[in-house]
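What follows is one structure encoded as structure tokens, with my remarks underneath.
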There are 2 protein chains.
Amino acid sequence: MEKRGLTPERLTRAGAELADEVGFDEVTVSALARRCGVKLPSLYSHLKNSQDLRVRIALFALEELADRVADAVAGRAGRDALAAFADAYRDYAREHPGRYAAARLRLDPETAAASAGVRHAQMARAILRGYELNDPDATHAVRLLGSVFHGYVSLELAGAFAHSAPDEQQSWDWIVDSLDALLRSRSS
Amino acid sequence: MEKRGLTPERLTRAGAELADEVGFDEVTVSALARRCGVKLPSLYSHLKNSQDLRVRIALFALEELADRVADAVAGRAGRDALAAFADAYRDYAREHPGRYAAARLRLDPETAAASAGVRHAQMARAILRGYELNDPDATHAVRLLGSVFHGYVSLELAGAFAHSAPDEQQSWDWIVDSLDALLRSRSS
DNA sequence: GGCTCATGCCTAATGGTACTAGGAGAACTG
DNA sequence: CAGTTCTCCTAGTACCATTAGGCATGAGCC
């Protein structure tokens, strides 16, 4: 009965890896206990319940993704920044599909407000600063970008674009180009 | 032990209603049995298993949604058709969130090929006919529309845009306008 | 070093969901 | 009307989530 070094942080990380391997929906307290070589109820010393685990993984993924996006857009502006922003999301989703799905978990308002989710919104606004939109338009544009990127990535992950020409990468580039043109045309 | 008139079709419909009430993820064989006033194992005469139920609801929702969209765009073209198409999706998702979530269930390729999903793609292409895009661009545009509409609707349902100005309807209108302008500018 | 004590992990038990096996009665079919 | 089929049932298995309660290990105190 030696003690493993289980902590909420390690469990969260292990849960994130598990999510990438088997899908976020299959992340279960049981499976995580098995992966950690521990009996199921042992985890309840570190986690409140199953939902708590899911939320922790979601917050972890939001944080990690925000870091990546911030890194990608640093020092860029305009079309360059837009493309880097978009690619950071898409690459993360392709590299870590389970974590990406986790990041889309619906959080209750106060948890969301304290999460890295706000950094995502701030970064989207920062990208748009280069396009000099006036006030209501900037918010509309944030929502448009969020919709397109999230929508494309989730459809792509679901396989909706697979097995049909043209290549998914070409469509992605075309879409990013189009959004850039769109935003420039809306510039005040 | 009188026989109820349970059929796969009625169970599918009841499942769709249940999905709208409690969310697609909470649609369970148990809950459906309770709702139908029948013991759980009885449903296994009509359904293969839990996944079969989910797929049936998904196919039902795809069909119903395709009918609505077809109805909405009939006799329209250009910006009108685009707006009708977009609104049909959004209205369906708001009216039937559980069914909309069901329609997004990942289907295996042969099931998807036999589903109303193909009608959705055809209708999107039909809308774009009014913009006279050349061949690869038309596919990119189909993917863009799918991404934006799906992305916006799912973020809106998740509450991502709630409780912050401006109004969700205004952003939606702005986005549809923007897409119309974008497609016209890409016209060959 | 020995005592205490919190803690980390355990076993045991409950309840919910998915699913299978097998039975009994109602309804259809000849 | 007899046989068959079909629908629904009870009973039982297995897995997941969660709680209760126990024991031992390792940390802190003297």
Side-chain angles (χ1 to χ4, degrees), chain A residues 1-61 98-99 101-102 105-108 111, chain B residues 1-61 98-99 101-102 105-108 111:
Chain A
M1 219 182 289
E2 336 80 62
K3 305 194 177 184
R4 327 264 154 142
L6 294 185
T7 65
E9 290 68 31
R10 287 190 194 187
L11 289 173
T12 302
R13 177 149 228 119
E17 290 163 10
L18 186 59
D20 287 337
E21 290 165 20
V22 303
F24 185 57
D25 289 344
E26 315 305 320
V27 172
T28 174
V29 184
S30 280
L32 186 58
R34 273 193 296 274
R35 164 181 268 259
C36 296
V38 126
K39 297 292 180 177
L40 192 155
S42 304
L43 300 189
Y44 283 83
S45 309
H46 308 284
L47 304 171
K48 230 174 83 252
N49 52 35
S50 181
Q51 182 61 10
D52 181 40
L53 171 62
R54 306 172 78 74
V55 170
R56 281 174 188 272
I57 297 172
L59 294 176
F60 170 77
R99 300 181 197 192
L105 182 69
R106 185 169 186 168
L107 303 171
D108 50 303
T111 307
Chain B
M1 217 182 290
E2 337 77 63
K3 305 192 176 184
R4 327 263 154 142
L6 294 186
T7 64
E9 290 69 31
R10 287 191 194 185
L11 289 172
T12 302
R13 177 149 227 118
E17 289 163 9
L18 186 59
D20 286 337
E21 290 165 19
V22 302
F24 185 57
D25 289 344
E26 315 304 320
V27 172
T28 175
V29 183
S30 280
L32 186 57
R34 273 193 296 275
R35 164 180 269 259
C36 296
V38 126
K39 298 292 179 175
L40 190 154
S42 304
L43 299 190
Y44 284 83
S45 309
H46 308 285
L47 304 171
K48 229 175 85 251
N49 51 37
S50 181
Q51 182 60 13
D52 180 40
L53 170 63
R54 305 171 80 74
V55 170
R56 282 174 189 274
I57 297 172
L59 295 176
F60 170 77
R99 301 183 197 192
L105 181 68
R106 184 170 187 168
L107 303 172
D108 51 304
T111 307

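Sequence lines set the chain letters: A, B, ... in the order given, protein chains first and strands last, and positions in each chain run from 1. Since this is a predicted model, take the numbers as computed values, not measurements.
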Take the protein atom CG of D25(B) and the nucleotide atom P of dT17(C), then report the distance between them rounded to whole Å.
15 Å
Distance, rounded to the nearest Å, where L53(B) contributes CG and dA18(C) contributes P
9 Å
What are the two closest non-hydrogen atoms of L18(B) and A31(B), and how far apart are they?
CD2-CB, 3.9 Å
Atom-pair distance (CD on E26(B); P on dA18(C)), nearest Å
11 Å
L105(A) and I57(A): side-chain contact (heavy atoms from CB on, under 4.5 Å), yes or no, with the steps?
CA-CA 9 Å; L105(A) 182 69; I57(A) 297 172; over 6 Å; no
Strictly below 4.0 Å: does H46(B) bring a side-chain N or O up to OP1 or OP2 of dC6(D)?
no
What are the two closest non-hydrogen atoms of V27(B) and L53(B), and how far apart are they?
CG1-CD2, 4.0 Å
Can you name the closest pair of heavy atoms from A33(B) and L43(B) and give their distance?
N-CD1, 3.7 Å
Taking CZ from R54(B) and C1' from dA18(C), how many angstroms apart are they, rounded to a whole number?
12 Å
Which parts of nucleotides 12-18 of chain D does protein reach within less than 4.0 Å, heavy atoms only, written one letter per nucleotide 5' to 3' as B for base, S for sugar-phosphate only and - for none?
----SSB
Under 4.0 Å between a side-chain N or O of S42(B) and OP1 or OP2 of dC9(D)?
yes
For L40(B) and S30(B), the nearest pair of non-hydrogen atoms, with its separation, is CD1-OG, 2.7 Å
Using whole Å, report how far CG of L6(B) lies from P of dA27(C).
15 Å
Output the rounded distance in Å from CZ (R10(B)) to P (dT7(D)).
12 Å
Does the structure place the NZ or CZ of R54(A) under 6.0 Å from the centre of the six-membered ring of F24(A), at an angle of no more than 45° from the ring's axis?
yes
